[in-house]
Enquirer: 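Structure below; questions to follow.
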Amino acid sequence: MAKVSYAGLKLKVNDEVKTFTWEDKEIEVLQYLPISDKYDLIMVALQKAKEGEIYNPIKLDMYFHLNLVYLYTNLYFTDKQK
């Protein structure tokens, strides 16, 4: 099998940002997130979900997906209640 140089592939990070419109608001979605941000995402979700010596699976799911939205989009949440 012939060896292929990784550098020879000339791969580049997909820094494209896709957008879509929702109720007259433009939502941006990153197509790539650096590995350091992905690691931070997991670590924050684990820290927030820890209750004593165990992880609350509901909180883990909530914090993971909430932070996923924060990191990949331009959406943010407020405490505003109706």
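Keep in mind that this is a model prediction, so the values were computed, not measured.
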Enquirer: Looking at F77 and L66, what are the two nearest heavy atoms and their distance?
Expert: CE1-CD1, 3.4 Å

Enquirer: Please say yes or no: joined through hydrophobic side-chain contacts below 4.5 Å, possibly via intermediate residues, are L68 and I35 part of one cluster?
Expert: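 As far as the 4.5 Å side-chain criterion goes, I35 and L68 are not connected within one cluster.
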
Enquirer: Please identify each residue that fulfils ring pair (Phe, Tyr, Trp, His ring centres under 6.0 Å) with Y76, with sequence neighbours left out.
Expert: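 So Y76 forms no ring pair (Phe, Tyr, Trp, His ring centres under 6.0 Å) with any residue.
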
Enquirer: Could you give the distance from CG (L41) to CG (L33), rounded to the nearest 0.5 Å?
Expert: 7.5 Å

Enquirer: Once you round to the nearest 0.5 Å, how far does CG of N74 lie from CD1 of I27?
Expert: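 Between N74 CG and I27 CD1, I get 5.5 Å after rounding to 0.5 Å.
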
Enquirer: Tell me the salt bridge (charged side-chain N to carboxylate O under 4.0 Å, His left out) pairs involving residues 64-75, sequence neighbours left out?
Expert: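 Qualifying pairs: none.
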
Enquirer: Output every pair passing salt bridge (charged side-chain N to carboxylate O under 4.0 Å, His left out) with a member in residues 13-39, not counting sequence neighbours, ordered by first then second residue.
Expert: none

Enquirer: How many angstroms lie between atom CG of L60 and atom CD1 of I54, to the nearest 0.5 angstrom?
Expert: 11.5 Å

Enquirer: To the nearest 0.5 Å, what is the distance between OH (Y55) and OH (Y63)?
Expert: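 With rounding to 0.5 Å, OH (Y55) is 14.0 Å from OH (Y63).
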
Enquirer: Check ring pair (Phe, Tyr, Trp, His ring centres under 6.0 Å) between F64 and all other residues, then give those that pass, not counting sequence neighbours.
Expert: none

Enquirer: Just distance, no hydrogens or angles: give the donor-acceptor pairs under 3.5 Å from side chains in residues 3-13, sequence neighbours left out.
Expert:
from, atom 1, to, atom 2, distance (Å)
S5, OG, A7, N, 3.3
S5, OG, G8, N, 3.3

Enquirer: Would you say L46 ends up clustered with M62 if hydrophobic residues are merged whenever their side chains have heavy atoms under 4.5 Å apart, either directly or through other cluster members?
Expert: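 No, it is not one cluster - the side chains of M62 and L46 are not joined through contacts under 4.5 Å.
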
Enquirer: Any chance you could measure Y72, atom OH, to L30, atom CG, to the nearest 0.5 Å?
Expert: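 The distance works out to 8.0 Å.
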
Enquirer: Could you note down all residue pairs passing side chain to side chain donor-acceptor pair (under 3.5 Å) where residues 41-51 supplies at least one of them, sequence neighbours left out?
Expert: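 Passing the test, one end in residues 41-51: E51-N56, E51-K59.
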
